[in-house]
Visitor: 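Submitted below is the structure of interest, expressed as structure tokens.
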Number of protein chains: 2
Amino acid sequence: MKKRTMYAGDVTAANVNQTVTLMGWVKKRRSLGNLIFVDLRDRAGIVQLVFSADFDQAALDQANSLRSEYVIEATGVVKARKPEAINKNMKTGEIEVEVTELNVLNKAKTPVFDIDDNITASEDTKLKYRFLDLRRPEMQKALMLRSKITMAANRYFDEQGFIYIETPDLTKSTPEGARDYLVPSRVYPGSFYALPQSPQLFKQLLMGAGYDRYFQIAKCFRDEDLRGDRQPEFTQIDMETSFLSAEEIQDLTEGLIVRVMKDVLNIDVPRPFKRIEWQDAMDRFGSDKPDLRFGMELQDAAPFVKDAGFKVFDNALANGGQVKAIVLPGAAQKYSRKMIDKQAEYIKRFGAHGLAWLKVEDDKVAGPIAKFFADSKELTDGLGAKSGDMIMFIADRAKVVADTLGYLRTYYGKDLDLIDQSQYKFAWVVNWPLFEYDEGDERWVPAHHPFTMPNEEDVHLLDTDPHKAHAQSYDIILNGYELGGGSIRIHTREIQEKMLKALDFTPERAEEQFGFLLNALEFGFPPHGGLAIGLDRFAMLLAGKDNIRDVIAFPKNSNATEPMTHAPQPVEASQLLPLGIEVTPEAEAEQEAEADAQTEE
Amino acid sequence: MKKRTMYAGDVTAANVNQTVTLMGWVKKRRSLGNLIFVDLRDRAGIVQLVFSADFDQAALDQANSLRSEYVIEATGVVKARKPEAINKNMKTGEIEVEVTELNVLNKAKTPVFDIDDNITASEDTKLKYRFLDLRRPEMQKALMLRSKITMAANRYFDEQGFIYIETPDLTKSTPEGARDYLVPSRVYPGSFYALPQSPQLFKQLLMGAGYDRYFQIAKCFRDEDLRGDRQPEFTQIDMETSFLSAEEIQDLTEGLIVRVMKDVLNIDVPRPFKRIEWQDAMDRFGSDKPDLRFGMELQDAAPFVKDAGFKVFDNALANGGQVKAIVLPGAAQKYSRKMIDKQAEYIKRFGAHGLAWLKVEDDKVAGPIAKFFADSKELTDGLGAKSGDMIMFIADRAKVVADTLGYLRTYYGKDLDLIDQSQYKFAWVVNWPLFEYDEGDERWVPAHHPFTMPNEEDVHLLDTDPHKAHAQSYDIILNGYELGGGSIRIHTREIQEKMLKALDFTPERAEEQFGFLLNALEFGFPPHGGLAIGLDRFAMLLAGKDNIRDVIAFPKNSNATEPMTHAPQPVEASQLLPLGIEVTPEAEAEQEAEADAQTEE
């Protein structure tokens, strides 16, 4: 093997007449007359190799033997292409490399799918042959982009005086939040570590220990059911600081975002970012992470509909609910009644009982409830609806109105192509409630986590009306996604105990779960706060993907398995014995049944 | 809370007459006449605050109420100290801050031990109160140094075109190496992931996928019995490259080391590093990771003792063994016969049957075997021993000689103070055997791992005499420690299968364990290789510590437990049920007995 002189994809007209040695994969080979052309691919791109008839026959035979994905070393002279052969769409399109020496470094079986963007292989096939999937240029671009984000974050925090500190992965199980992944201990058979859901308590302890500014690229683990932007393991850009206000932490974060956007995409993001009150976000967008790339805001329709005599609206308002609307610009012709009915069916999942709508035609409105609005000018003027627009109403209690219209706004924003995909609209959502009501579990839960500091003027509410308190927390949002979140943390035992009490912890359970934190808080904790950004999601958004699997080198599929290595797998009983655990007879039977089924296939 | 203007430990004479606002911990308070002095500590250091009598009484009372580890905010004017009060040993020793405004941000209980270097608290007490232990300046210095290493590595690899790629932590169990930590799966009850012992196979797959240059700060996990430089979780600076020779990878690594040493310690390390053949290292130093800061090399004594008539030596040589010696300079007076006898007892663990020795006195030798060397000049000249020196001999088979004399060399090198502690002697140990014989398990095992490429000329030996093959592997050593290791990897299925066969894998077991790798190797793998450096050990050595616990924020103790959070712990049966596992009755009984014992305490 020779020494490579440069990447194949980097050879340009500037290298004409230079002798280069390139290494890479054969993308394709074709013959034209007595010439052989080979597209050679490496991580930088593709360059055209040409084997001319001057080449000796043995070498030509070797060139003719090349197949897709063979790994080769090619030495040759860079030549300018003839004008008619120039490919302006390729970085290397003005040149080709006339090969003088070829060396096959490794052969390859025919790949299971083409090493190309826009392939049709199934997700599991792509994951099973991930080493091939990862060769595709779009995957390489996505992972390189992710690397650039990581490197930009490292540089930024380092410059800002942050200390990179690794927190442990074998920690204590805290069953309150999401489900923990457990790790059996061998030294104490029958005991378990848990993999961290986040470094939250450790980074707080580091503030208690005086490190002042901490950051980490931190792997986190949650054993939850998967969906598009969830994986069993995911990565946070995690930071914590002491003695700073929420605004100062937000300011530091904006610096990070601006740096990343510049370094990675060469985009200048203006500062400061917009700040939206949580209540305002819910009122105007029906979401705590609104997509700000388009308008179509939620509007209070009550003033314009309250006297119309439509019972559904009247009842909602009479019961303390809301009637709110969005105006779909130019949508009147686009959506048939059937399509709208289908949508009305879909939104039942948000608790909505129906979807009222009007189409605006010149100075009239049309649709099932048009008869209540014979004189529609006040309504259309009030909502800013013009001829050709469509109005959708939801009349219900506030949460249902927000959830449903929030969904409809996003859906029709996309469907009506109102979103400028080239934009990155960052904003802060601030002044969150400290608690939110979990309708499934029928109890109040922390809107962020139990270590979040209430607003100073609300601390007293912890004793009386905890769920009325607001929190010193803040989420950073981007294009309809929560990019990250943080808060000022509780730094005294007294408030932390009150917080846990408000969450129905008995003193015993508080001690058992968080005794080490409560104890530590008594030994001189500084005021502190921080933030974590979801690196997978950040990379996904900057790479223009809609699944975080596309920015993770070896992700799990939706069953949390890894089709290439077949993890997870049964293990030998001898591996479990020293851990003091055994597989239950039920699980054993189930595994055997599955193994049998697979054998029969 | 005000805005901090600078770190307390950074205030110097350059700030005189400036008004500063500082935040930190009260290290101590003392009164002198009507003045109150407070040492304020933050991560940058300590500054002296002074509260003068001009201060109003309420404020003075507040200052008087300060206790150790209270967290305070102090605003004041920087004043030059009077010449007689200047403390040249402190960075801030020429100034003090005359406080005009004091704000107690948090109180603190009396710390369990002093926040000072050189405390006597037990290791478990320090770990239980790790948030206090981590406040100690030496711990802060060590963790900041570790962060600097990490940041220097990130910068270096980024500049060199490496891509930062995160490999998975929930992977497949490979029971060949060390013991895996297992993670039960909920989606497939009774199945398990394993935490990675290293990203080895994933980084190789990334080379197969064309990423060309990969690196990662990678957490690794091994469930092994602990000792000073082992922890259940540890961190590697991990890299892999394609199309490079072993020398080129070593060259890249040297660049990293030089960068780290410059950025972290401002030390210029000369390049290229010394290269030592593995056999040479064993012969001369009795170790594959020799400390090169001192000489005292192992010497072949056979030519000078073969005719002496000492049976022990004669027998060793007759049986194909060796007689080797080290010369302890100026040690003749230092070690009594009793001390040497104790050492002779100790080295039995290396298989040594005895320790022969001579003291050189003028032109004679003394000691139990001196009678065999009445004419000792040839011996002492041959070994370079001078009057006042001591010679220690080991006569045995090569491995015992190397292990024993290697140990003795290190022991006496330290004890005789031959080591310049300020030196950092990096070197490469190259040309390793591919296999080494495990005397405990009585079988050949890979000297590195089963993916290591044999030397090209030795590939054929895999079929015939695999244990005679040498490998394209290399370790980087520092001051008697293995800092890291790497190799060129096998990149064809054919050689990989031969390697596994040489390790007694049946084809079935090879397929079951490593089928995904064997499969991948058929689809066009480039020649590749890499290296991993133990970050914990590197940080430990640069921080001048002798336990990696001192450079890990939240380490485990020697029982792999974490005395602060009490991880690992028993968990609720309801947490195990969905995982398809249960604690065995034996482990259950053991846990109950332990719980009872603790209650009784």
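The chains referred to below are lettered A, B, ... by the order of the sequence lines, with proteins before strands, and numbering in each begins at 1.
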Visitor: In terms of heavy-atom proximity below 4.5 Å to chain B, should A:Pro526 be classed as side chain, backbone, both, or neither?
Guide: both

Visitor: Report yes if some heavy atom in the side chain of A:Asp212 is under 4.5 Å from a heavy atom in the side chain of B:Arg4; otherwise report no.
Guide: yes

Visitor: Give the member of B:Arg67, B:Lys2, B:Arg213 that has the highest number of heavy-atom pairs under 4.5 Å with chain A.
Guide: B:Arg213

Visitor: Given that the side chain runs from C-beta out, which part of B:Tyr70 has a heavy atom under 4.5 Å from chain A: side chain, backbone, both or neither?
Guide: neither

Visitor: Given 3.5 Å as the limit, does a donor-acceptor pair link the side chain of B:Arg135 with the main chain of A:Gly208, or not?
Guide: yes

Visitor: Quick one: which of A:Ile581, A:Thr110, A:Thr561 has the most heavy-atom pairs under 4.5 Å with chain B, could you say?
Guide: A:Ile581

Visitor: With a 4.5 angstrom heavy-atom cut-off, which part of B:Asn559 approaches chain A: side chain, backbone, both or neither?
Guide: both

Visitor: B:Arg146, B:Glu166, B:Met564: which one forms the most heavy-atom pairs within less than 4.5 Å of chain A?
Guide: B:Glu166

Visitor: More than 12 heavy atoms of other residues, nucleotides or ligands under 6.0 Å from CD of A:Glu494: is that the case?
Guide: no

Visitor: Judged by atom type as modelled, is there a donor-acceptor pair below 3.5 Å linking the side chain of A:Gln569 to the main-chain atoms of B:Lys172?
Guide: no

Visitor: Non-hydrogen atoms of chain B under 4.5 Å away: do they reach the side chain of A:Thr565, the backbone, both or neither?
Guide: both

Visitor: Quick one: of A:Pro111, A:Ala520, A:Ser245, who has the most non-hydrogen atom pairs under 4.5 Å with chain B?
Guide: A:Ala520

Visitor: Please report the C-alpha distance between A:Ile217 and B:Gln216 in whole Å, then the side-chain angles of each, then the deciding distance to 0.1 Å, and finally whether the side chain to side chain contact (heavy atoms under 4.5 Å, CB included) criterion is met.
Guide: CA-CA 11 Å; A:Ile217 308 296; B:Gln216 187 182 191; over 6 Å; no

Visitor: So for B:Phe215, is it side chain, backbone, both, or neither that comes closer than 4.5 Å to the heavy atoms of chain A?
Guide: side chain

Visitor: Taking B:Val71, B:Val571, B:Leu170, B:Leu105 one by one, which has the highest count of heavy-atom pairs under 4.5 Å against chain A?
Guide: B:Leu170

Visitor: Any side-chain to backbone donor/acceptor pair from A:Trp25 onto B:Gly524? Under 3.5 Å, distance only.
Guide: yes

Visitor: Please classify the contact between A:Glu73 and chain B as side chain, backbone, both or neither, with a heavy-atom cut-off of under 4.5 Å.
Guide: neither

Visitor: Would the distance check show the side chain of B:Ser147 and the main-chain N or O of A:Ile163 forming a donor-acceptor pair, the cut-off being under 3.5 Å?
Guide: no

Visitor: If you tally heavy-atom pairs under 4.5 Å against chain A, which of B:Lys556, B:Glu586, B:Glu562 wins?
Guide: B:Lys556

Visitor: With no hydrogens and no angle check, just 3.5 Å: does a side-chain donor-acceptor pair link B:Asn154 and A:Tyr164?
Guide: no

Visitor: Could you check if a side-chain atom of B:Phe554 sits within less than 4.5 angstrom of a side-chain atom of A:Thr171, using non-hydrogen atoms only?
Guide: no

Visitor: Taking every heavy-atom pair that is under 4.5 Å apart, which of B:Arg130, B:Gln231, B:Lys219 has the most such pairs with chain A?
Guide: B:Lys219

Visitor: Sort out for me which of B:His491, B:Glu590, B:His566 touches chain A most, counting heavy-atom pairs under 4.5 Å.
Guide: B:His491

Visitor: Does A:Glu582 reach the main-chain N or O of B:Thr584 with its side chain, forming a donor-acceptor pair under 3.5 Å?
Guide: no

Visitor: Let me know if A:Glu588 has heavy atoms under 4.5 Å from chain B in its side chain, its backbone, both or neither.
Guide: neither

Visitor: Kindly check if the number of other-residue, nucleotide or ligand heavy atoms within 6.0 Å of NZ (A:Lys148) is above 12?
Guide: no

Visitor: Between B:Glu159 and chain A, with a heavy-atom cut-off of 4.5 Å, which part of the residue counts as in contact: side chain, backbone, both or neither?
Guide: neither

Visitor: Can you tell me which portion of A:Phe234 sits under 4.5 Å from chain B's heavy atoms? Options are side chain, backbone, both or neither.
Guide: neither

Visitor: Main chain of A:Leu134, side chain of B:Tyr211: is a donor-acceptor contact present, judged purely on distance under 3.5 Å?
Guide: yes

Visitor: Which region of A:Met1, side chain (C-beta onward) or backbone (N, CA, C, O), has a non-hydrogen atom less than 4.5 Å from a non-hydrogen atom of chain B, or is it both or neither?
Guide: side chain

Visitor: Check each atom of B:Ile165 against the heavy atoms of chain A and say whether the ones under 4.5 Å are side chain, backbone, both or neither.
Guide: side chain

Visitor: Name the region of B:Tyr129, side chain, backbone, both or neither, that has any atom closer than 4.5 Å to a heavy atom of chain A.
Guide: side chain

Visitor: Which atoms of A:Ser68 are under 4.5 Å from chain B, going by heavy atoms: the side chain, the backbone, both sets, or neither?
Guide: neither

Visitor: Does any backbone or side-chain atom of B:Met207 lie under 4.5 Å from a heavy atom of chain A? Answer side chain, backbone, both or neither.
Guide: backbone

Visitor: Heavy-atom distance under 4.5 Å to chain B: side chain of A:Leu579, backbone, both or neither?
Guide: side chain

Visitor: For B:Ile552, which atoms come within 4.5 Å of any heavy atom of chain A: side chain, backbone, both, or neither?
Guide: neither

Visitor: Apply ring pair (Phe, Tyr, Trp, His ring centres under 6.0 Å) to A:Phe221 and list each qualifying residue two or more places apart in sequence or on a separate chain.
Guide: none

Visitor: Salt-bridged, A:Asp158 to B:Arg155, with N to O below 4.0 Å?
Guide: yes

Visitor: Please confirm whether the backbone N or O of A:Phe523 pairs with a side-chain atom of B:Glu69, one donor and one acceptor, at under 3.5 Å?
Guide: no

Visitor: Report which part of A:Leu132 has an atom under 4.5 Å of a heavy atom belonging to chain B: side chain, backbone, both, or neither.
Guide: side chain

Visitor: Show every donor-acceptor pair shorter than 3.5 Å between a side-chain atom in residues 186-196 of chain B and any protein atom, with sequence neighbours excluded, or say none if there are none.
Guide:
residue: B:Arg186; atom: NE; partner: A:Asp223; partner atom: OD1; Å: 3.2
residue: B:Arg186; atom: NE; partner: A:Asp223; partner atom: OD2; Å: 3.2
residue: B:Arg186; atom: NH2; partner: A:Asp223; partner atom: O; Å: 3.3
residue: B:Arg186; atom: NH2; partner: A:Asp223; partner atom: OD1; Å: 3.2
residue: B:Arg186; atom: NH2; partner: A:Asp225; partner atom: OD1; Å: 3.4
residue: B:Ser191; atom: OG; partner: A:Gln591; partner atom: NE2; Å: 3.1
residue: B:Tyr193; atom: OH; partner: A:Ala560; partner atom: O; Å: 2.4

Visitor: Please classify the contact between A:Leu143 and chain B as side chain, backbone, both or neither, with a heavy-atom cut-off of under 4.5 Å.
Guide: both

Visitor: Is there a donor-acceptor pair closer than 3.5 Å between any side-chain N or O of B:Asn106 and the backbone N or O of A:Phe525?
Guide: yes

Visitor: Between A:Ser173 and B:Gln575, is there a side-chain donor-acceptor contact under 3.5 Å, judged purely by atom types and distance?
Guide: yes

Visitor: Give, as side chain, backbone, both or neither, the part of B:Val583 having an atom under 4.5 angstrom from any heavy atom of chain A.
Guide: both

Visitor: With a 4.5 Å cut-off on side-chain heavy atoms, are A:Pro232 and B:Pro168 touching?
Guide: no

Visitor: Using non-hydrogen atoms and a 4.5 Å limit, figure out which bit of A:Arg179 sits close to chain B: side chain, backbone, both or neither.
Guide: side chain

Visitor: Do you know which of A:Phe162, A:Tyr181, A:Phe202, A:Tyr7 has the most heavy-atom pairs under 4.5 Å to chain B?
Guide: A:Phe202

Visitor: For A:Gln204, is it the side chain, the backbone, both, or neither that has a heavy atom closer than 4.5 Å to a heavy atom of chain B?
Guide: neither

Visitor: Side chain from CB out, backbone as N, CA, C, O: work out which of these in A:Leu244 comes under 4.5 Å of a heavy atom of chain B, or both, or neither.
Guide: backbone

Visitor: Between A:Lys107 and chain B, with a heavy-atom cut-off of 4.5 Å, which part of the residue counts as in contact: side chain, backbone, both or neither?
Guide: backbone

